[in-house]
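By convention here, the first residue in the shown sequence is residue 1. Side chains are part of it too, since the values below use all heavy atoms of this structure and drop only hydrogens, waters and symmetry mates. These numbers come from a predicted model, not from an experiment.
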Amino acid sequence: MCGIVGLISYTEDLSRRTEVLAAMRGALALRGPDAVGEWVAPRALLVPRRLAVVDLAGGNQPMVATDPSGAATVVLSYTGEVFNADELRAELRRRGHEFRERSDTEVVLRAYQEWGAACAERLRGMFAFAVWDVRTEELVLIRDRFGIYPLFYADTPDGFAFGSEPKALFTTGVVAPVVDGEGLLEALSFTPTPGRAAFRGVREVVPGEVVRRGRDGLRRHRYWNFTPAPHTDDLATTEHRVRELLEEIVRAQVAADVPISSMLSGGLDSSAVCALAGRVLAADGRAEPLRTFSMEFAYHLDNFRPDEVHDSPDSPYVAKMAAHLGTEHRELLVDRGHLTDPAGQSEVVRAMERPVAGLDMYVSLYRLSQEVRRFSTVTLTGDGSDELFGGYLWFHDPYYVRAKGFPWLGASHRMEFLTGLLRRDVHDRLDFPGHAADRYREALAEVPLNGDESPRERRMREITYLNMTRYLRVILDRKDRLGMAASVEGRVPFCDHVLAEYVYNVPWDMKVADGREKSLLRAAVRDLLPDDVLRRRKSPFPTVQDPAYRTALREQLRAITADRSNPVNDLLEPSRVAAVLDDPSFGLRVGVTRMSIEAAVQLHHWLASGVTVAL
């Protein structure tokens, strides 16, 4: 259940807008290839698309609640999975609600009838949904606590538009794909601002937020955030509780009526998820083994070189882990042709609706999602663990811990993005450093503290919060967009709010009790993994080392910029582009990394998709 779009008007009879309805129906086909529904009324058009995962025969949308006379009262358009649906269904039955099917969609509908928007506080899972109240003509948008599922909206001259992706809003005809200076900063920075989108007039429902739009205007409120609380468990109890929660979460998240699988990189996070999932499937008596998937760059098989963050390739650890668990494993080899294929690059940019930092990583993940889709509809990932348990370099290196800014921006030169090739007047006017500093100050002001923390504990709490509310947004957006572009639902056990609330309040010394990153998690799953996988140093998603890839990118950029009518030339600095194309060493001297060249190529694909930049 993975894609929604809607349009509200308080002056126009939308039931006559058949051409808009047709466009909305086709907007998110990849998010919901199994079914499409619609609610057509004078004030509201709602179009949900479904990727069927649970209760394949039921769960059709939009789902409508009626009064005793049979008149519609509430209409639900829903995406996501609620993993405590069985418990909520039992409670709602005790309160007098009747159920016709097994779907969690009906649970959400009845929960909204019972508790209104406060139902969000009772849902445990990943979700983004819209409720149209026919009686009051009010629209309510609700998003899960970490923003695992996306949800965007925009005010219109006489109402409101919303959708799972901005591209869905554009099909309504009342929102245009225009990017101004603020939007360009959002698109080209690695400092996402909660609630902001790259497109003019488009906003994103903040994770853990309720947005209401009625005739009297727009109202927003947060229903969840981290809450500081004393941690009274000792280390052994804490390790046991983390393990207990992980087992509970994975048990709930492997439930599906379609084939399920798990990503496996050979690192601690994905290996732990796979081990727990395999145990659940075996305990349930399922005959087939867990399906697992990984990717590797073909160039790395014979040419891998250790660098500052990658000690070794993933493949040997993946093979060891797959053999240890007895999974049905498939490894996708990604070569230079995959990475430089313009059609594949364009599909990634269309899915993400912006240029991305690290095109090789995004293209390979998109290819991997396509491979997963051949065998499975749902896949588990280890995303969120590094942010919660402190896995990244910048949690541990004193230089980055003390940094007066987002620590990941200084942790690697790879975070430099398009700024090296952007037109100098545009670059200076946008003020990337000022933008990052402003966003950092805003984020720090939000951090929930109890006031009793030591300076060290306070700083580690701040870094955890920055990662969970900013850096994780990038990771989850990547997972969702690239997975949905291949019609694959990604589930993230480490982004369970009960687990996150508990671990957030664990003192930092417990999280690094053995002096290593993520030692709390390592201890909690020590009996599940081979020793060399358990001891493996944190290794981020690989980036391709093939020097011919950079050469191919430069030639792509040469061909793109050779066409003087190409609008991308209006945003790039000609002298710098020419220098980088003619002398590869020039870029290294002035800070134009491979990521800058990738971003310039993506900017071309972005503009070619119909986006207009208006500075």
Can you tell whether the side chains of R526 and D514 come within less than 4.0 Å, N to carboxylate O? no

In terms of relative ring orientation, are F146 and F226 parallel, tilted or perpendicular, with 30° and 60° separating the classes? tilted

The criterion is side-chain hydrogen bond (donor to acceptor under 3.5 Å, both in side chains); which residues satisfy it with D86, sequence neighbours excluded? R89

Between R354 and E186, is there a salt bridge with N-O shorter than 4.0 Å? no

Does NZ or CZ of R594 fall inside the cone over Y549's six-membered ring, less than 6.0 Å from its centre and within 45° of the axis? no

Does the salt bridge (Lys or Arg N to Asp or Glu O under 4.0 Å) test come out yes or no for E501 and R145, once each step is laid out? CA-CA 11 Å; E501 287 170 350; R145 296 163 180 83; 5.3 Å; no

State whether R243 and E247 are salt-bridged, where the test is any N-O pair (Lys NZ or Arg NE/NH1/NH2 against Asp/Glu carboxylate O) under 4.0 Å. yes

Plane angle bin for F304 and H300 - parallel if under 30°, tilted between 30 and 60°, otherwise perpendicular: perpendicular

Residues R461 and E453 bridged, charged N to O under 4.0 Å: yes

Is a side-chain donor-acceptor pair under 3.5 Å present for T238 with H231? yes

Under the side chain to side chain donor-acceptor pair (under 3.5 Å) test against S270, which residue among S294, S265, S385 passes? S265

Hey, what's the ring geometry for Y471 with Y392, parallel, tilted or perpendicular (30° and 60° as the breaks)? perpendicular

How about V401 and R456: do any of their side-chain heavy atoms sit closer than 4.5 Å? no

Do the charged groups of D531 and K320 touch, with an N to O distance under 4.0 Å? no

Going by heavy atoms in the side chains, are L476 and M126 under 4.5 Å from each other? no

E165 and R31 ion-paired at < 4.0 Å: yes

Check E446 with R470, please: is the shortest side-chain N to carboxylate O separation under 4.0 Å? yes

Around R458, counting heavy atoms of other residues, nucleotides and ligands shown, do more than 12 lie under 6.0 Å from its CZ? no

For the CZ atom of R49 and the CD1 atom of I4, what is their distance to the nearest 0.5 Å? 13.5 Å

Do you see a donor-acceptor pair shorter than 3.5 Å between the side chains of Q345 and Y366? no

Tell me which one of K538, R522, K511 satisfies side chain to side chain donor-acceptor pair (under 3.5 Å) with E517. R522

Which heavy atom of D307 sits nearest to which heavy atom of H310, and what is that distance? OD1-N, 2.6 Å

Determine whether the side chains of T543 and D360 contain a donor N or O and an acceptor N or O closer than 3.5 Å. yes

